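One structure below.
Note that the structure is a prediction, hence the values are computed from the model and not measured.
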Amino acid sequence: MDAQEGTQQSEQLILAHNVFLLKHPDVPDIEKVRLKDEVLNSVKSNVMTPYYETLVADKVVELDQSVLDSMRTKNEDEIKKLDEKIADAEENLGESEVREAHLAKSLYYIRIGEKEKALEQLKVTESKTVAVGQKMDLVFYTLQISFFYMDFDLISKSIDKAKNLFEEGGDWERKNRLKVYEGLYCMSTRNFKKAADLFLDSISTFTTYELFPYDTFIFYTVLTSIISLDRVSLKQKVVDAPEILTVIGKVPYLSEFLNSLYDCQYKSFFLAFAGLTEQIKLDRYLLPHFRFYMREVRIVVYSQFLESYKSVTIEAMAKAFGVTVEFIDLELSRFIAAGKLHCKIDKVAGVLETNRPDAKNALYQATIKQGDFLLNRIQKLSRVIDL
């Protein structure tokens with residue numbers, strides 16, 4: 001969570017992802033040996049004593065008392081030096097130097113994974129900060145440590161705080177960065193529609209490399225857009241977007257996943273879909289929503305197929321998707337019962353009949369209902385006025 005310049009992902013977020021993979025049941029044991037070495041090297045190089053203790057408590061790594069004692073001593077020495085710099089700045093230097101000294105201590109706590117003390121010190125630093133841009137940077141540091149610990153309550157509060165700061169002023173670069181942070185928060189809390197909108201707004205201005213690389217950003221953008229946008233919007237904003245076209249080939253199966261859906265190549269879509277599931281499972285932000293996302297994607301693709309027909313045989317649909325009749329029958333019956341697909345199955349004839357809701361009629365009924373409600377309110381109000 002150090003301030004990263006250029007195109008470097010935050011070392012702490014890389015560490016958090018490696019720890020996630022280390023705990024993941026689907027990661028092979030031989031891969032976990034390499035991951036454990038990487039995790040320990042990162043913890044030792046950043047002298048992350050508090051985080052090392054957490055990993056030991058979670059039984060992710062084994063306790064090495066000599067390593068722990070050594071890191072504790074280094075932490076104490078460094079904090080002592082930082083306190084001396086703060087005292088010196090307060091006695092002999094100006095306000096900006098005092099602020100910089102406090103910021104250095106905040107960043108050190110962030111670096112070693114001392115969450116509570118880091119947040120405390122960031123508040124002290126904020127009290128010494130006047131410029132809106134610098135206050136925004138402090139919010140970004142808070143957001144980074146929040147994503148490291150997946151503290152969604154703190155992320156939500158920090159995003160709200162950043163939006164309030166922007167009302168006082170703030171540059172476009174920071175506003176665009178905030179969109180990516182908010183998009184990641186929305187995706188992590190299953191608000192895929194809002195996440196897609198925020199990601200798409202940030203495609204041409206993406207600079208948030210401390211969170212993830214650009215190809216990962218495109219991966220998230222495509223995944224959230226597919227279940228959020230209609231066909232016309234998907235074509236304009238995603239399928240034909242030059243920023244996406246330049247990168248999409250770097251992510252395995254992603255191009256086939258997007259284009260086969262738009263081109264109605266359903267057999268190819270299911271093959272690409274199967275390939276992508278592993279990547280979604282191994283993503284710390286997407287894994288909690290794996291089953292939900294799988295279901296939503298299937299609803300989108302089945303709805304798109306059925307849109308073209310008044311009626312179609314189950315066999316024809318199974319053939320189009322490259323699956324068995326039994327599989328399609330089971331899938332559709334589940335989604336129809338949940339009210340997610342507007343069709344019915346004629347099991348005897350082996351036919352699917354669509355019964356799409358009439359949007360105009362639904363709008364008419366809603367207008368009548370709202371009108372009745374309004375008239376009732378007016379009558380009640382008129383009685384009160386007469387009294």
Show your working on side-chain contact (heavy atoms from CB on, under 4.5 Å) between Val27 and Leu22 and close with a plain yes or no. CA-CA 7 Å; Val27 175; Leu22 203 49; over 6 Å; no
Looking only at non-hydrogen atoms, find the nearest pair between [X] and [Y] and report the distance.
| X | Y | result |
| --- | --- | --- |
| Pro213 | Gln9 | CD-OE1, 3.8 Å |
| Leu341 | Ile299 | CD2-O, 4.0 Å |
| Gln279 | Tyr253 | NE2-CD1, 4.0 Å |
| Val43 | Tyr52 | CG1-CB, 3.7 Å |
| Cys343 | Leu352 | SG-CD2, 4.4 Å |
| Leu82 | Ala104 | CD2-CB, 4.0 Å |

Can you tell me how far [atom2] of [Y] sits from [atom1] of [X], rounded to the nearest 0.5 angstrom?
| X | Y | atom1 | atom2 | result |
| --- | --- | --- | --- | --- |
| Gln134 | Leu103 | CD | CG | 8.5 Å |
| Lys235 | Leu258 | NZ | CG | 9.5 Å |
| Ser202 | Glu182 | OG | CD | 9.5 Å |
| Asp346 | Ser311 | CG | OG | 9.5 Å |
| Leu143 | Leu211 | CG | CG | 8.5 Å |
| Lys135 | Leu165 | NZ | CG | 6.5 Å |

Contact between [X] and [Y] at the side-chain level, heavy atoms closer than 4.5 Å - yes or no?
| X | Y | answer |
| --- | --- | --- |
| Asn191 | Tyr185 | no |
| Lys340 | Arg298 | no |
| Leu178 | Lys163 | yes |
| Lys117 | Pro50 | no |
| Asn176 | Thr207 | no |
| His24 | Leu287 | yes |
| Glu331 | Val323 | no |
| Ile79 | Tyr109 | yes |

Arg99/Thr129 under side-chain hydrogen bond (donor to acceptor under 3.5 Å, both in side chains): CA gap, chis, key distance, verdict: CA-CA 7 Å; Arg99 181 195 175 275; Thr129 305; 2.8 Å; yes
Can a donor-acceptor pair be found between the side chains of Tyr108 and Glu78 at a distance below 3.5 Å?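 No pair is found: no donor N or O on one side chain lies under 3.5 Å from an acceptor on the other.
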Side chains of Tyr181 and Glu210: is there a donor and an acceptor less than 3.5 Å apart?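 Glu210 and Tyr181 do have a side-chain donor-acceptor pair below 3.5 Å.
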Would you check, one step at a time, whether the test side-chain contact (heavy atoms from CB on, under 4.5 Å) holds for Thr354 with Val312? CA-CA 9 Å; Thr354 58; Val312 61; over 6 Å; no
With distance as the sole test, does [X] use its side chain to make a donor-acceptor pair with the main-chain N or O of [Y] at under 3.5 Å?
| X | Y | answer |
| --- | --- | --- |
| Tyr293 | Leu223 | yes |
| Thr125 | Gln121 | yes |
| Asn75 | Val47 | yes |
| Gln8 | Tyr209 | no |
| Glu97 | Gly94 | yes |
| Ser156 | Asp153 | no |
| Ser42 | Glu38 | no |
| Asn41 | Asp37 | yes |

Classify the angle between the aromatic ring planes of [X] and [Y] as parallel (below 30°), tilted (30 to 60°) or perpendicular (above 60°).
| X | Y | value |
| --- | --- | --- |
| Tyr309 | Phe305 | tilted |
| Phe192 | Phe292 | parallel |
| Phe327 | Phe270 | perpendicular |
| Phe147 | Tyr285 | perpendicular |
| Phe269 | Phe257 | parallel |

Report the C-alpha distance between Arg231 and Cys264 in whole Å, list the side-chain angles of each, state the deciding distance to 0.1 Å, and finish with yes or no for side-chain contact (heavy atoms from CB on, under 4.5 Å). CA-CA 11 Å; Arg231 269 180 68 80; Cys264 305; 4.1 Å; yes
Can you check salt bridge (Lys or Arg N to Asp or Glu O under 4.0 Å) on Lys161 and Glu126, steps first, answer last? CA-CA 12 Å; Lys161 184 177 179 179; Glu126 188 184 2; 2.8 Å; yes
Candidate list Thr142, Asp151, Ile110, test side chain to side chain contact (heavy atoms under 4.5 Å, CB included), partner Leu119, passing option: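 The passing option is Thr142.
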Determine, step by step, whether Phe212 and Tyr220 satisfy the ring-ring contact (aromatic ring centres under 6.0 Å, His included) criterion, reporting the C-alpha distance in whole Å, the side-chain angles of both residues, the deciding distance to 0.1 Å, and the verdict. CA-CA 10 Å; Phe212 35 62; Tyr220 292 152; 5.3 Å; yes
Is it true that the NZ or CZ of Arg177 lies under 6.0 Å from the centre of Phe140's six-membered ring and within 45 degrees of the ring axis?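 Geometry flag: set, cation within 6.0 Å and 45°.
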Let me see the working for Lys36 and Glu62 under salt bridge (Lys or Arg N to Asp or Glu O under 4.0 Å), right down to the final yes or no. CA-CA 10 Å; Lys36 188 179 276 191; Glu62 296 77 31; 3.2 Å; yes
Apart from Leu374 itself, residues in the same hydrophobic cluster as defined by side-chain heavy atoms under 4.5 Å: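 Hydrophobic cluster check, Leu374: joined to Ile378.
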Around atom CD of Glu173, are there more than 12 heavy atoms of other residues, nucleotides or ligands at under 6.0 Å?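 Enclosed: over 12 neighbouring heavy atoms sit under 6.0 Å from CD of Glu173.
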By the side chain to side chain donor-acceptor pair (under 3.5 Å) test, which pairs, at least two apart or in different chains, include something from residues 257-270?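 Only Ser255-Asn259, Tyr266-Gln304 qualify under side chain to side chain donor-acceptor pair (under 3.5 Å).
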Looking at [Y] and [X], is any side-chain nitrogen of the basic one under 4.0 Å from a carboxylate oxygen of the acidic one?
| X | Y | answer |
| --- | --- | --- |
| Asp77 | Lys81 | no |
| Glu100 | Lys85 | no |
| Glu31 | Arg34 | yes |

Aromatic contact between Tyr51 and Phe148, with the criterion being ring centroids under 6.0 Å apart: yes or no?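 Yes, the ring of Tyr51 comes within the 6.0 Å limit of the ring of Phe148, centre to centre.
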